[in-house]
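Basis for what follows: all heavy atoms, side chains included, without hydrogens, waters or symmetry-related copies. Whatever order the structure lists ligands and atoms in, that order sets their numbers, starting from 1. Keep in mind the model is a prediction, meaning the values are calculated, not measured.
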Amino acid sequence: MDTTELRPVLAGKTYFIRTFGCQMNLHDSERVAGLLDACGCLEAADPAGADIVVFMTCCVREAADQRLYGQCNSCKSLSPAPSGKRVIAVGGCIAQRDGEGLLANVDNVNVIFGTHAIAHVGELIAQAFEDGGRHISIAEDDALSAVDMPWHRETVYHAWVPIMTGCNNFCSYCIVPYVRGREKSRSMEEVIDEVNGLVRAGVREVTLLGQNVNSYGRDRYGAPRFAELLRKVGETGIERIRFTSSHPKDLLPETIDAMAEVPAVMPHLHLAVQSGSSRILKLMNRKYTREDYLGLVDRVRERIPGIALTTDIIVGFPGETEEDFEETLSLARTVGYAQAFTFIYSRREGTPAAKIEDPTPHEVIQERFDRLVKVIEDTAHAFNQGELDTVVPVLVEGASKKNDRILQGKSPKNQTVHAPLPAGVDAQDWVGKIVDVHVDRARTWYLSGTVVGAPR
Ligand code: SAM
Ligand code: SF4
Ligand code: F3S
């Protein structure tokens with residue numbers, strides 16, 4: 001991507017990016033940062049020190065929506081920008097959904113760029129600096145693909161690798177297909193080239209990204225090829241492979257085989273269930289039943305014993321009864337999730353579920369949600385006990401937030417692990433290294449133990 005024309009305007013300007021939402025947005029932010037770096041911009045520590053403030057937005061739930069307005073308003077009271085002029089840019093899913101409509105609600109925003117237009121963000125920001133006007137791009141643009149953009153990675157040892165964008169599933173509650181478009185897979189060669197480059201750059205773990213990675217390749221090759229992709233990524237020499245998200249309806253036996261047989265694929269599967277009631281699953285348009293899901297879990301466990309299963313669950317889908325909810329509780333107990341992201345249903349205008357009236361009082365939904373959280377705490381605690389007195393290889397992320405003498409990292413099953421650092425070792429020295437930890441304690445949300453042996 002050529003940034004020569006942008007440099008005279010943007011070089012030397014400082015930028016700050018705040019990201020909301022999912023890993024897709026995190027990755028898109030890394031591309032925006034990469035582009036600004038390539039234009040000669042410098043990263044600022046906070047919005048006050050930035051000439052360019054970028055918000056990467058999410059609208060999957062209402063709370064995420066509301067946050068943007070607060071953030072934009074708070075920019076009004078910042079001290080003047082270092083260069084004397086500040087440009088505020090809003091990208092991501094709210095930008096894609098609302099486009100020009102956003103300008104009326106957030107009067108200090110200069111640039112709006114949709115999820116398909118991130119490759120244009122540099123020119124839009126440069127124009128805003130030059131003419132002081134407001135600039136928008138939310139059209140889908142094939143000519144300039146985000147994957148050709150420079151890339152500013154947050155960590156040296158891990159990389160997000162989008163293998164596809166968009167979603168074809170139209171779950172009845174979900175806004176994502178409307179703001180991210182239809183599934184579009186990258187070519188297998190492009191993905192493998194990228195992972196090879198990352199391995200050469202010293203990356204040890206990749207997370208393959210898509211809203212439903214199991215259907216990777218269907219749009220491009222006529223049939224899903226995710227199992228093949230996993231095997232090919234496994235041949236690059238990358239040490240750890242993770243992926244998200246995986247839709248139960250499309251998880252093929254060949255993918256479970258690849259997970260079991262490719263040593264670099266980590267023993268962790270995020271398999272969003274959303275509800276344990278077949279009646280609600282049908283209303284959600286998920287295309288599997290409770291029995292289908294439990295059968296899948298059995299097959300995965302048979303091939304990959306001890307695998308960590310995590311999930312997403314929505315409480316309070318319109319019309320969900322106490323009986324439906326109890327089916328979710330019992331499914332969560334049966335599966336024994338290692339972790340779950342739990343959400344209270346949020347009505348999203350434009351989705352089919354938004355038309356369903358629901359008389360259930362909020363307090364009832366909140367009380368169910370709290371019960372679910374307790375069940376997940378129990379299953380997570382029970383799952384972690386399985387690691388007690390074992391030695392787990394931990395990819396070190398840095399020091400724990402509370403104590404800089406304690407390292408924090410991730411086990412193969414994606415559990416957070418803490419261990420005291422040996423005397424004289426700084427956590428920064430070990431970032432990106434893999435170290436064996438003997439697990440002495442297994443808590444609900446983390447394991448802790450003792451470092452055994454040298455990092456590698
Ligand atoms: N494509 C992923 C999948 O199907 O597993 C999920 C992507 S979505 C960004 C993440 C999660 O947000 C979903 O799995 C769902 O649990 C939750 N979610 C989506 N729409 C929601 C809504 N309207 N209200 C509450 N939670 C919602
Ligand atoms: Fe949303 Fe369903 Fe697509 Fe996931 S699979 S992004 S929940 S529509
Ligand atoms: Fe949010 Fe968009 Fe991701 S709506 S969850 S940032 S795809």
Describe, in one word, how the ring planes of Y288 and Y293 are oriented to each other, choosing from parallel (under 30°), tilted (30 to 60°) and perpendicular (over 60°).
-> tilted

Do the rings of H158 and W160 sit parallel, tilted or perpendicular, given the 30° and 60° boundaries?
-> perpendicular

Pick from R242, R153, K410: which one makes a salt bridge (Lys or Arg N to Asp or Glu O under 4.0 Å) with E205?
-> R242

Option from E323, E327, E326, E322 for which salt bridge (Lys or Arg N to Asp or Glu O under 4.0 Å) with R368 holds = E322

Please tabulate protein-ligand N/O pairs under 3.5 Å for ligand 1, atom names and distances to 0.1 Å.
residue: ligand 1; atom: 1 (N); partner: Q211; partner atom: O; Å: 2.8
residue: ligand 1; atom: 1 (N); partner: Q211; partner atom: OE1; Å: 3.0
residue: ligand 1; atom: 4 (O); partner: R286; partner atom: NH1; Å: 3.4
residue: ligand 1; atom: 5 (O); partner: S245; partner atom: OG; Å: 3.3
residue: ligand 1; atom: 12 (O); partner: R61; partner atom: NH1; Å: 3.1
residue: ligand 1; atom: 14 (O); partner: Q274; partner atom: NE2; Å: 2.7
residue: ligand 1; atom: 14 (O); partner: D312; partner atom: OD2; Å: 2.6
residue: ligand 1; atom: 16 (O); partner: Q274; partner atom: OE1; Å: 2.7
residue: ligand 1; atom: 23 (N); partner: Y173; partner atom: O; Å: 3.0
residue: ligand 1; atom: 23 (N); partner: S346; partner atom: O; Å: 2.8
residue: ligand 1; atom: 24 (N); partner: S346; partner atom: N; Å: 2.9
residue: ligand 1; atom: 26 (N); partner: R61; partner atom: NH1; Å: 3.4

Looking at [X], I want to see if its [atom1] is surrounded by more than 12 non-hydrogen atoms of other residues, nucleotides or ligands under 6.0 Å.
X: K402; atom1: NZ; result: no
X: K282; atom1: NZ; result: no
X: E43; atom1: CD; result: yes

Which residue, F343, Y345, F325, forms the ring-ring contact (aromatic ring centres under 6.0 Å, His included) with F317?
-> Y345

Inspect the contact between R347 and D358 and indicate whether a charged nitrogen and a carboxylate oxygen are less than 4.0 angstrom apart.
-> no

Does R67 make a cation-pi contact with F20 (under 6.0 Å, within 45 degrees of the axis)?
-> no

What residues come within 4.0 Å of ligand 2, counting heavy atoms only?
-> C167, N169, F170, C171, Y173, C174, V176, P177, Q211, H247, R286

Got a sec, which residues hit salt bridge (charged side-chain N to carboxylate O under 4.0 Å, His left out) with R220, two or more places apart in sequence or on another chain?
-> none

Under 2.8 Å from atom 1 (Fe) of ligand 3, which protein N/O/S atoms are there?
-> C58 SG

Candidates D312, T311, T244 - the one meeting side chain to side chain donor-acceptor pair (under 3.5 Å) with H270 | D312

Give the minimum heavy-atom separation between R134 and D107, together with the two atoms involved.
-> NH2-O, 3.2 Å

Answer with yes or no whether Q211 contacts ligand 3, where contact means a heavy atom under 4.0 Å from a ligand atom.
-> yes

